[in-house]
Amino acid sequence: MSSTTADVIVVGGGIIGCATAYYLAKKGTDVIVLEANESIGDGGSTRNAGGVRQSGRDPRELPLAMYAVKNMWPHLSEELDSDVEYCQGGNLRLGKTEKHLEILRGLRDKAVAQGLDMRMISGDEVREINPYLSEEVIGASWCPTDGHANPLRATMAFYRAARRLGVRFYTGHPVTELRKVKGAVRQVVTPTQTYEADRVVVAAGYASRKILASVDIDVPMSNVLIEALVTEMEPPMFPQMLGTAEADFYGHQTKHGSFVFGGDSGFERVNKDEGHRMRTSSITAPSICRGILRYIPRLAHAKIVRTWAGYEDVCADGVPVLGKVDEVPGLVVACAFTGHGFGISPIVGTLLSEVARDEPTTLDISAFRYDRFKARA
């Protein structure tokens with residue numbers, strides 16, 4: 001094939017796009033990936049707290065998360081020949097009030113109904129698992145099979161593995177439109193080149209909305225800025241992923257000792273740079289830290305090394321849009337992950353590769369179909 005044609009074009013070089021390209025190439029499919037930014041993963045894929053969690057997910061999403069945790073994440077470093085720093089240390093979602101516990105019980109009930117080992121524990125039981133947590137914690141949900149990984153390393157591991165299998169990546173190539181040929185999507189247009197393929201997978205985060213609009217497809221989503229921070233190295237303290245009932249912060253201690261936390265101040269939308277430069281604000285990090293110290297007083301003197309920001313593509317109903325679009329033959333959509341994409345990226349990449357190749361899918365993805373938003377008669 002020429003440099004501008006392939007069996008499948010993937011629009012977006014985040015972890016979903018890289019994973020999809022890898023699993024396609026693994027089956028012998030010729031793939032081109034077009035990434036708007038100059039760097040791979042230069043968005044939410046590498047700007048998150050690295051949670052590989054099943055707890056707290058929408059029931060529609062939970063089967064994907066459970067499959068990935070059971071069958072994919074434990075072997076991913078070996079498969080991709082790169083350490084993604086996966087740690088299955090469990091997940092404590094913490095509560096300080098009765099309202100918090102009520103929220104956590106609701107999440108627990110939904111998860112247990114689908115077979116997930118997730119249970120409520122008391123404050124004393126919380127501190128038996130993690131003695132660094134404060135007495136303000138009166139209870140938590142506990143999922144022992146949850147964990148975390150390094151989002152930058154995981155994204156780059158999929159990228160490098162895909163490259164080794166022959167995937168062609170073009171960075172600095174923003175897609176301006178999709179074009180149909182004889183009723184099916186065949187062409188992907190950038191400012192400098194037009195590419196052509198039998199299938200097009202659009203996995204470009206919030207930018208997917210504008211790209212899909214060129215073929216009259218609209219996924220109801222918004223973009224929300226998320227911020228994160230990393231500390232200096234600290235002595236090993238705990239392996240668990242931590243979160244709270246109201247998600248005011250979340251994070252973990254990395255393999256190297258630093259802590260990575262995400263969260264918000266409530267002002268991100270106000271301070272958002274509409275030029276999409278993903279600027280952090282001077283408000284959010286102190287806000288996150290004040291919350292963290294109420295839960296983990298031991299970190300009072302930990303120094304923050306840096307902060308960063310990235311956009312979540314937030315869907316109107318909280319779960320992604322995945323799969324073919326009946327109205328547009330040749331098009332496969334993968335967007336609106338609502339901040340939940342990292343942990344399910346291996347199975348989503350697998351499923352998208354199957355969809356693009358017209359194969360039966362490993363899991364049922366009908367709950368994520370695009371036409372779920374259509375008006376019902």
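We number each residue from 1, following the sequence as shown.
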Engineer: Please determine whether the number of non-hydrogen atoms from other residues, nucleotides or ligands lying under 6.0 Å from atom CZ of Arg163 exceeds 12.
Structural biologist: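 Check fails, neighbour count at 12 or below.
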Engineer: Val319 vs Arg372, test: side chain to side chain contact (heavy atoms under 4.5 Å, CB included). Steps then yes/no.
Structural biologist: CA-CA 11 Å; Val319 297; Arg372 71 181 189 265; 3.5 Å; yes
Engineer: Going by heavy atoms in the side chains, are Tyr206 and Tyr311 under 4.5 Å from each other?
Structural biologist: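 In short, these two side chains do not touch, never coming nearer than 4.5 Å.
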Engineer: Going through the distances and angles, do Ser366 and Asp364 end up as a side-chain hydrogen bond (donor to acceptor under 3.5 Å, both in side chains)?
Structural biologist: CA-CA 6 Å; Ser366 60; Asp364 179 14; 3.0 Å; yes
Engineer: For the residue pair Tyr132 and Phe238, categorise the inter-ring angle as parallel (less than 30°), tilted (30 to 60°) or perpendicular (more than 60°).
Structural biologist: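 It falls in the tilted class, 30° to 60°.
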Engineer: Does Glu327 have more than 12 heavy atoms from other residues, nucleotides or ligands lying within 6.0 Å of its CD?
Structural biologist: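 Above 12, so yes.
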Engineer: Do Thr307 and Glu227 get their side chains close enough for a donor-acceptor pair, meaning under 3.5 Å?
Structural biologist: no
Engineer: For Lys110, does the NZ atom have more than 12 heavy-atom neighbours from other residues, nucleotides or ligands under 6.0 Å away?
Structural biologist: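 No, NZ of Lys110 has 12 or fewer neighbouring heavy atoms, counting only those of other groups under 6.0 Å.
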Engineer: Provide the closest heavy-atom pair for Ser3 versus Ile32 in the form atom of the first, atom of the second, distance.
Structural biologist: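 What the structure gives for the nearest pair is O-CD1, 3.6 Å.
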Engineer: Is the closest side-chain heavy-atom distance between Leu299 and Met237 below 4.5 Å?
Structural biologist: yes
Engineer: Would you call Glu234-Arg298 a salt bridge at under 4.0 Å N-O?
Structural biologist: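 Salt bridge absent between Glu234 and Arg298.
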Engineer: List the steps and the verdict of side chain to side chain contact (heavy atoms under 4.5 Å, CB included) for Lys255 and Asn150.
Structural biologist: CA-CA 9 Å; Lys255 180 178 180 180; Asn150 185 316; over 6 Å; no
Engineer: Can you give me the closest heavy-atom contact between Ile40 and Phe169, atom names plus distance?
Structural biologist: CD1-CD2, 3.7 Å
Engineer: Tell me, do Thr190 and Tyr170 make a side-chain contact under 4.5 Å, heavy atoms counted?
Structural biologist: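 When only atoms from C-beta onward are counted, Tyr170 and Thr190 do not touch, as no gap falls below 4.5 Å.
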Engineer: If the condition is ring-ring contact (aromatic ring centres under 6.0 Å, His included), which residues does Tyr295 pass it with, not counting sequence neighbours?
Structural biologist: Phe249
Engineer: When you compare the side chain of Tyr22 with that of Ser353, does any pair of heavy atoms fall below 4.5 Å?
Structural biologist: no
Engineer: More than 12 heavy atoms of other residues, nucleotides or ligands under 6.0 Å from NZ of Lys27: yes or no?
Structural biologist: yes
Engineer: Checking the side chain of Arg179 only, and the main-chain atoms of Arg186 only, is there a donor and an acceptor separated by less than 3.5 Å?
Structural biologist: no
Engineer: Is the backbone N or O of His100 less than 3.5 Å from a side-chain atom of Thr97, with the two atoms forming a donor-acceptor pair by type?
Structural biologist: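 Looks like yes, one N/O pair under 3.5 Å.
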Engineer: Salt-bridged, Lys26 to Glu79, with N to O below 4.0 Å?
Structural biologist: yes
Engineer: Nearest 0.5 Å, what's the CG-CD1 distance between Asn71 and Ile347?
Structural biologist: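 One gets 8.0 Å once the value is rounded to the nearest 0.5 Å.
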Engineer: Any side-chain to backbone donor/acceptor pair from Thr176 onto Pro191? Under 3.5 Å, distance only.
Structural biologist: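 Answer holds: no.
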Engineer: Flag yes if more than 12 heavy atoms outside Arg294 fall under 6.0 Å of its CZ atom; otherwise flag no.
Structural biologist: no
Engineer: How about Met156 and Thr46: do any of their side-chain heavy atoms sit closer than 4.5 Å?
Structural biologist: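 A side-chain contact under 4.5 Å is absent here.
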Engineer: Would you say the rings of Phe337 and Phe368 are close, in the sense that their centroids are separated by under 6.0 Å?
Structural biologist: no
Engineer: Is Tyr370 close to Leu212 at the side-chain level, that is, under 4.5 Å between some pair of heavy atoms?
Structural biologist: no
Engineer: Mind listing the closest non-hydrogen atom pair of Met120 and Arg108 along with its distance?
Structural biologist: CG-NH1, 3.3 Å
Engineer: Just by distance, do the side chain of Arg53 and the backbone of Ser55 share a donor-acceptor pair under 3.5 Å?
Structural biologist: yes
Engineer: Which heavy atom in Arg209 sits nearest to a heavy atom in Pro220, and how many Å separate them?
Structural biologist: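 Closest pair (atom of Arg209, atom of Pro220, distance): NH2-CA, 4.1 Å.
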Engineer: Can you tell me if Gln253 uses its side chain to pair, donor with acceptor, with the backbone of Pro235 under 3.5 Å?
Structural biologist: yes
Engineer: Quick check: closest heavy atoms across Trp73 and Ser345, and the distance to 0.1 Å?
Structural biologist: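 Closest approach of Trp73 to Ser345: CZ2-OG, 4.2 Å.
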Engineer: Does the pair Val69 and Gln88 meet the rule for a side chain to side chain contact (heavy atoms under 4.5 Å, CB included), with working shown?
Structural biologist: CA-CA 9 Å; Val69 165; Gln88 195 172 33; 3.4 Å; yes
Engineer: Going hydrophobic residue to hydrophobic residue with side-chain gaps under 4.5 angstrom, can you get from Val11 over to Val185?
Structural biologist: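 Yes, because Val11 and Val185 connect within a single hydrophobic cluster, where side-chain heavy atoms sit under 4.5 Å apart.
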Engineer: Please determine if Asp326 and Lys324 form a salt bridge, counting it only when a charged side-chain N lies under 4.0 Å from a carboxylate O.
Structural biologist: no
Engineer: Atom NE2 of residue position His256 - does it have more than 12 heavy atoms of other residues, nucleotides or ligands inside 6.0 Å?
Structural biologist: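 Enclosed: over 12 neighbouring heavy atoms sit under 6.0 Å from NE2 of His256.
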Engineer: Please step through salt bridge (charged side-chain N to carboxylate O under 4.0 Å, His left out) for the pair Arg153 and Glu85, ending with a clear verdict.
Structural biologist: CA-CA 8 Å; Arg153 292 186 68 94; Glu85 298 182 5; 3.8 Å; yes
Engineer: Is there side-chain contact between Leu352 and Ile16, with at least one heavy-atom pair below 4.5 Å?
Structural biologist: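 Contact flag for Leu352/Ile16 side chains = yes.
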Engineer: Between Asp30 and Arg168 (salt bridge meaning N to carboxylate O under 4.0 Å), is one present in this structure?
Structural biologist: yes
Engineer: Under 3.5 Å, is there a donor-acceptor pair between the Arg160 and Ser82 side chains?
Structural biologist: yes
Engineer: To check you understand the geometry: which heavy-atom pair defines the closest contact between Leu178 and Leu331, and what is its length?
Structural biologist: CD1-CD1, 4.0 Å
Engineer: Compare all side-chain heavy atoms of Leu92 with those of Met241 and state whether any distance is below 4.5 angstrom.
Structural biologist: no
Engineer: Can you tell whether the side chains of Asp7 and Arg199 come within less than 4.0 Å, N to carboxylate O?
Structural biologist: no
Engineer: Using atom types as modelled and distance alone, determine if a side-chain donor or acceptor of Trp308 lies under 3.5 Å from a backbone N or O of Val230.
Structural biologist: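 No; zero donor-acceptor contacts below 3.5 Å.
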Engineer: Go through the side-chain N and O atoms of Asn37 and Ser39 and say whether any donor and acceptor fall under 3.5 Å apart.
Structural biologist: no
Engineer: Looking only at atom types and distance, does a side-chain atom of Ser45 sit under 3.5 Å from a main-chain N or O of Gly43, one as donor and one as acceptor?
Structural biologist: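 Side chain of Ser45 to backbone of Gly43, a donor-acceptor pair under 3.5 Å: no, none is there.
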Engineer: Step by step, work out the side chain to side chain contact (heavy atoms under 4.5 Å, CB included) result for Cys143 and Leu116.
Structural biologist: CA-CA 8 Å; Cys143 181; Leu116 181 65; 4.0 Å; yes
